Amino acid sequence: ELPITVRSLSEAMGRPAKAIMSIMFKEFGEMVTINQIIEEETALAVALELGVDLTFKRQKGIEETVNEIIEQEDASEDLITRPPIITVLGHVDHGKTTLVDSLRNSKVVEGEAGGITQHIAAYQVEHNNHKLTFVDTPGHAAFSEMRSRGANVTDMVVLVVAADDGVMPQTAESISHVKASGVPMVVAMNKIDLPEINEQKVLTDLAAQDVLPSEWGGETEVVRVSALNGTGLDNLLETLLLTAELHELKANPNRPAVGVCLEGFRDEGRGSVAWLIVQKGTLRIGDAVVCGKSYGYIRAMYDDRDQQLEEAPPSLPVKVTGLDSVPGAGDHFAVLSDIEQARELAEERRHEGRTDTLARHSGGPRTLDDIMG
Ligand code: GDP
Ligand code: MG
């Protein structure tokens with residue numbers, strides 16, 4: 001039994017070893033040789049970067065069926081425009097939370113909520129009759145973690161840069177993650193209400209990171225905002241909608257729903273609760289769902305204001321109850337025709353999870369066969 005090397009991984013994926021080495025260097029800062037042994041987790045992450053999901057090859061049967069459902073291409077005539085899903089990134093204290101809060105408060109219809117304030121993983125706002133979905137991830141680590149799991153929910157990134165501070169370490173990290181992902185980015189130059197700001201410095205800092213502002217002939221829109229007093233927020237939303245339009249984001253609403261769990265938690269009254277975001281199809285109350293290692297019928301559905309919903313179309317984030325356990329961030333979900341299938345798959349995955357943990361604790365190199373099943 002052989003451990004995974006750059007060469008064996010290259011052969012397994014049918015991709016050049018050079019491409020693997022380059023990703024190892026760029027993503028993990030490691031210079032590797034062709035015969036070097038790499039860890040399974042790293043190998044899977046590298047494969048994902050190259051667009052090959054080896055985890056899909058680990059199981060056969062229902063797992064494959066579900067992946068077929070998830071990946072099933074839709075006919076172009078079935079596709080309709082869907083709202084963009086936007087993640088806000090940036091350095092600590094540059095105003096991410098303030099920005100998402102003021103967008104939500106100024107743009108979401110006020111007043112009806114039952115007042116249960118809980119953490120909100122994502123929400124939708126409307127601007128000039130167009131919807132936009134914001135995902136409130138706790139930073140670029142989560143953004144990358146989701147992507148490394150193949151959960152590419154983000155269509156666009158808003159990079160918040162405080163005008164009194166410029167590009168800081170987490171700004172730079174965010175930029176490199178966004179570049180690696182290929183997701184379009186709009187910069188929100190925040191805190192322009194402050195007296196001691198230096199707009200030119202922000203632009204220079206960005207250019208130094210290879211993010212060339214459009215006002216300097218580059219491709220990145222830099223929108224001046226004050227998250228605190230609301231200046232420029234309409235402009236930011238318009239820029240985001242324009243960017244979305246350029247990328248023609250579409251989905252088929254008339255198919256079994258698939259999507260990703262943004263976050264799960266346990267609620268005393270409602271049991272296991274999951275924030276799901278629908279990518280394709282429409283999720284409905286009563287649907288049989290498998291989500292990572294969890295399964296169940298969707299019992300109730302709520303939006304970010306705790307309003308009950310009957311169904312969720314593409315790009316709408318919803319909080320659902322009815323799953324038998326709490327799924328994790330980045331878990332894919334799919335609606336199946338049969339709850340038994342959902343149960344079996346969830347149980348298989350739980351079993352596999354235990355086997356993985358055992359294997360990891362027993363040490364020793366994992367083999368390519370282990371990965372490829
Ligand atoms: P985060 O760490 O990026 O989420 O930053 P926060 O949203 O928590 O903001 C950090 C601090 O900056 C808080 O004290 C905010 O009130 C302040 N802040 C955020 N946006 C603005 C703004 O547009 N103008 C000013 N003057 N302060 C802001
Ligand atoms: Mg914050």
Side-chain angles (χ1 to χ4, degrees), residues 84-108 110 117-125 127 132-147 153-154 156-179 181 183-206 209 211 213 215 220-240 262-265 275 277 304-305 317 319 329-330:
I85 302 172
I86 300 157
T87 297
V88 179
L89 299 177
H91 194 73
V92 64
D93 283 347
H94 279 200
K96 297 179 296 296
T97 303
T98 310
L99 180 69
V100 296
D101 282 355
S102 54
L103 285 173
R104 181 162 178 265
N105 290 326
S106 63
K107 291 293 168 185
V108 180
E110 227 33 272
T117 34
Q118 244 153 6
H119 173 67
I120 292 148
Y123 60 90
Q124 209 166 58
V125 304
H127 182 71
L132 304 96
T133 298
F134 286 89
V135 177
D136 196 7
T137 60
H140 55 79
F143 174 77
S144 293
E145 161 70 13
M146 295 270 276
R147 293 195 81 86
V153 287
T154 303
M156 284 190 256
V157 164
V158 172
L159 181 70
V160 178
V161 185
D164 62 339
D165 212 15
V167 169
M168 295 304 277
Q170 289 162 26
T171 322
E173 276 171 52
S174 300
I175 290 172
S176 68
H177 287 301
V178 173
K179 284 195 170 166
S181 73
V183 169
M185 178 173 84
V186 170
V187 174
M189 192 198 287
N190 191 31
K191 308 199 185 183
I192 54 152
D193 56 287
L194 291 176
E196 67 275 18
I197 58 166
N198 188 343
E199 296 189 17
Q200 290 304 305
K201 179 183 180 293
V202 175
L203 299 179
T204 311
D205 283 0
L206 288 168
Q209 301 284 328
V211 176
E215 57 211 84
T220 308
E221 296 297 335
V222 179
V223 185
R224 272 71 164 173
V225 301
S226 167
L228 203 61
N229 67 22
T231 310
L233 296 189
D234 281 354
N235 201 357
L236 178 63
L237 292 173
E238 265 145 44
T239 306
L240 290 168
L262 298 170
E263 189 177 314
F265 60 94
W275 271 103
I277 190 153
D304 63 293
R305 302 263 155 170
K319 204 161 51 177

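Note that the coordinates shown come from a computational prediction; the quantities given were computed from them, not determined experimentally. Just so you know, ligand 1 is whichever comes first in the structure, and atom 1 is the first atom listed for that ligand.
When only interatomic distances are considered, the shortest N/O to N/O separation between Ala227 and ligand 1 falls below 3.5 Å. For ligand 1, one of its N or O atoms has an N or O atom of Gly95 under 3.5 Å away.
The protein atom (non-hydrogen) at minimum distance from atom 16 (O) of ligand 1 is Leu228 CD1, 3.9 Å. The closest protein non-hydrogen atom to atom 6 (P) of ligand 1 is Thr98 OG1, 3.6 Å. Looking at atom 24 (N) of ligand 1, its nearest protein heavy atom turns out to be Asp193 OD1, 2.7 Å. From the protein, the heavy atom lying nearest to atom 20 (N) of ligand 1 is Asn190 ND2, 3.1 Å. Given atom 8 (O) of ligand 1, the protein heavy atom at minimum distance is Thr97 CB, 4.2 Å. Among protein heavy atoms, the minimum distance from atom 12 (O) of ligand 1 is reached at Lys191 NZ, 3.0 Å.
Atom CG of Asn229 and atom NZ of Lys191 lie 12.5 Å apart (nearest 0.5 Å). For the atom pair Glu221 CD and Glu215 CD, the distance stands at 8.5 Å (nearest 0.5 Å). Atom CG of Leu228 is separated from atom CG of Leu194 by 8.5 Å, given to the nearest 0.5 angstrom. The distance from the CG atom of Asp93 to the CG atom of Asp165 is 9.0 Å, given to the nearest 0.5 Å. Note: Phe134 CZ to Ile85 CD1 = 11.5 Å, rounded to the nearest 0.5 Å.
Within ligand 1, counting atoms from 1 as listed, the ones closer than 4.0 Å to a heavy atom of Val92 are 2 (O). The atoms of ligand 1 that sit less than 4.0 Å from any heavy atom of His91 are 3 (O).
Residues Pro317 and Asp304 are not in side-chain contact: their nearest non-hydrogen atoms beyond the backbone lie 4.5 Å or more apart. Proximity of Leu236 to Leu99: side-chain heavy atoms (C-beta onward) are separated by under 4.5 Å at one or more points. You'll find the side chain of Lys179 reaches within 4.5 Å of the side chain of Ile175, heavy atoms only. A heavy-atom distance below 4.5 Å is not found between the side chains of Thr154 and Ser181.
Between the Gln209 side chain and the Ala172 main chain, no donor and acceptor come within less than 3.5 Å of each other.
Contact annotation for Lys96 and ligand 1: heavy atoms of both the backbone and the side chain come within less than 4.0 Å of the ligand. By the criterion of a heavy-atom distance under 4.0 Å, both the backbone and the side chain of Asp93 are placed next to ligand 1. Here Leu194 has side-chain heavy atoms under 4.0 Å from ligand 1, and that is the only part of it that gets that close.
Taking backbone and side-chain atoms together, Thr98 has no N/O/S atom less than 2.8 Å away from the Mg ion (ligand 2).
When distances from atom 14 (O) of ligand 1 to the protein are checked, no heavy atom turns up under 4.0 Å.
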